[in-house]
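Let me begin by presenting the structure, written as structure tokens, before commenting on it.
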Amino acid sequence: MANLRPIKFRILELCNEEGGKWNYEIVPQIQEEYGLKGNFQRDSINFDIIELASGGLLQDVEVKVDEDGIYKKGFLLHKYNITEFGQIRASDACLLNI
Amino acid sequence: MDLQALKTQEHKRRVKIGFMWAFFCAILWGIWYIPGTVVWVLNPFDAMYSEIAATSGDGISLVVTAVLITAFNALTVILALMVWNGVLGKFGEMKRTLKEFHPCSKWFFLAAIFGGPMAILGSFIAMGFVGGAFAAVAALMYPVIGSILASKWYGEKITRRAYTGIAFIIAGGFTIFGGGVLTELGTGNISWIGYLGGLMAAAGWGIEGAIAGKGLDISEPDVSLTIRFIAENIIWWIIIIPLLAIVGFPMFKYAILAFEPLTLLTLIFAGITFGFCYVAWYKSFPLIGVGRGQGIGNLYGLFAVIFIFLFFGDMPAWTILLGGALCLVGSSIMFSESTEELESLRGD
């Protein structure tokens with residue numbers, strides 16, 4: 001696909017939706033859009049999300065235990081929403097619709 | 001296991017990874033001072049130094065030679081980083097990030113200015129003028145500048161405990177720095193340019209960390225770092241070295257002469273240790289913050305002194321040992337911080 005922007009930009013866009021988005025929804029969507037295959041890329045994208053949250057650009061609005069192994073069994077699943085700070089940084093980066 | 005316990009566990013894991021990266025950075029950074037010191041006595045840099053010194057004097061000669069060494073350092077670092085990004089499959093993301101000049105690349109180009117011509121050049125000058133151990137400890141002050149800038153500029157949280165740790169590290173830095181100056185005062189022969197180089201390193205790396213933290217918000221650390229070194233290579237090879245050559249220094253002659261096995265090997269060793277120390281540095285920032293990442297990274301001062309002792313047999317003065325111990329205390333204070341306070345790195 002043409003005109004893809006850096007992955008973290010896209011993650012911020014996805015988390016700007018009403019009510020936020022689960023990490024197990026974000027990761028496959030990004031993998032699909034950017035053509036990134038395999039577990040290494042999957043973890044790498046998930047790590048991008050963690051970094052964004054740690055930097056205060058995303059916050060988790062809901063957390064649940066991955067009982068059924070949707071993403072990684074026994075680990076936590078997070079639903080993220082963009083923070084005000086994240087919105088400011090995103091608009092600095094001229095992200096659309098934020 | 002209940003949700004809260006899992007949350008705490010996940011959080012702890014994240015902070016642990018951040019500290020681990022910062023620690024890797026410290027070890028590699030410490031090792032870097034070995035090739036960094038050795039390269040000064042290798043051909044063609046020693047010949048270059050004598051040639052320029054004969055016409056322009058020692059001081060200028062040293063700085064110009066340091067420019068060429070720093071430029072080669074940047075070149076081998078970028079080679080190491082290209083391999084690294086290739087292995088991680090991140091060239092696509094690199095292209096995407098590079099295109100975003102305004103929000104991303106701009107910051108890394110700025111970081112390159114402070115990190116390269118200021119900090120790394122300053123370090124090489126300090127190594128050439130005063131010595132490796134001094135250069136290493138002189139830069140110990142940089143987290144202070146980095147964390148103060150990060151907290152004033154974009155409100156990064158620094159706890160009181162982190163401040164205490166930083167204070168210990170500074171005290172350690174002063175002990176090492178001061179010890180060297182006092183000894184030299186005794187002999188009446190002070191290498192001021194070397195000390196200036198030490199200060200350049202401290203200020204440059206501190207500012208670089210804070211600027212990089214700003215761009216790292218919204219981009220990948222591996223990719224950002226590579227862009228930062230692409231920028232540094234542009235600064236050296238396209239701007240400064242041609243300028244010096246035009247002014248009349250034999251830059252290209254010696255740049256070509258650097259292609260001999262032992263020199264190249266040393267430079268590549270420098271590139272690998274420095275490149276990966278930087279990777280680790282940039283990776284720790286988003287996880288534990290610029291202040292803490294730099295604070296732990298600071299243990300490099302201690303490692304440098306140890307490695308220099310092991311390789312060159314230079315027994316450090318007691319002031320260096322005492323200072324190193326203080327740095328260790330400071331970093332342990334930061335290590336042992338209750339991680340609950342690190343939930344988010346930014347203030348509300």
Side-chain angles (χ1 to χ4, degrees), chain A residues 1-13 23 30 33-38 40-60 62-67 72-78 82-95 98, chain B residues 1-11 13-15 17-18 87-90 92-107 150 154-157 213-224 227 282-290 342-348:
Chain A
M1 260 206 292
N3 293 326
L4 287 170
R5 302 192 75 187
I7 291 172
K8 284 193 178 175
F9 287 25
R10 185 71 187 131
I11 295 172
L12 287 176
E13 267 177 357
N23 65 328
I30 300 254
E33 286 179 4
Y34 287 75
L36 299 166
K37 293 180 186 70
F40 175 76
Q41 297 292 354
R42 180 199 68 191
D43 292 344
S44 171
I45 296 164
N46 196 46
F47 209 77
D48 286 342
I49 302 176
I50 295 171
E51 285 177 350
L52 284 169
S54 153
L57 286 89
L58 297 178
Q59 59 185 6
D60 47 4
E62 215 182 316
V63 181
K64 64 182 181 193
V65 181
D66 190 355
E67 305 277 12
K72 273 185 184 174
K73 203 178 159 91
F75 283 77
L76 288 179
L77 298 167
H78 296 262
I82 195 164
T83 60
E84 211 173 297
F85 176 70
Q87 281 176 331
I88 295 170
R89 293 292 287 121
S91 68
D92 285 351
C94 317
L95 279 174
I98 292 186
Chain B
M1 213 187 282
D2 68 342
L3 204 59
Q4 196 50 44
L6 267 174
K7 259 178 115 163
T8 318
Q9 192 193 45
E10 184 177 77
H11 174 72
R13 196 179 308 129
R14 192 194 85 203
V15 174
I17 295 173
V87 171
L88 297 182
K90 288 198 171 163
E93 180 70 3
M94 196 189 299
K95 221 165 77 193
R96 287 189 286 271
T97 310
L98 202 51
K99 276 197 243 160
E100 302 289 342
F101 185 77
H102 172 68
C104 301
S105 314
K106 179 178 75 187
W107 297 113
Y154 42 86
E156 183 171 297
K157 273 193 259 180
K214 182 98 178 152
L216 281 172
D217 271 353
I218 48 172
S219 48
E220 271 276 308
D222 301 298
V223 166
S224 324
I227 296 174
Y282 270 49
K283 274 188 178 294
S284 74
F285 290 163
L287 295 176
I288 53 174
V290 172
L342 297 178
E343 190 68 59
S344 165
L345 298 167
R346 297 273 162 67
D348 293 317

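Below, chains carry the letters A, B, ... as their sequence lines are ordered, and counting in each starts from 1. Side chains included, hydrogens not; waters and symmetry mates left out as well; all remaining heavy atoms used.
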Item checked: S219(B) side chain near S224(B) side chain, heavy-atom distance below 4.5 Å -> yes

Margin query: For K90(B), which atoms come within 4.5 Å of any heavy atom of chain A: side chain, backbone, both, or neither?
Written below: side chain

Notebook entry, point to check: Out of V63(A), T83(A), L76(A), L36(A), which one racks up the most heavy-atom pairs below 4.5 Å with chain B?
Noted result: L76(A)

Item checked: For E84(A), side-chain hydrogen bond (donor to acceptor under 3.5 Å, both in side chains) partners two or more places apart -> none

Notebook entry, point to check: Given a strict heavy-atom distance threshold of 4.5 Å, which part of Q41(A) is in contact with chain B: side chain, backbone, both, or neither?
Noted result: side chain

Checklist line | Side-chain touch I7(A)/E220(B), heavy atoms, less than 4.5 angstrom | finding: no

Next item on the list: Using modelled atom types only, decide if a donor and an acceptor are shared between the side chain of N23(A) and the backbone of H78(A) within a distance under 3.5 Å.
Entry: yes

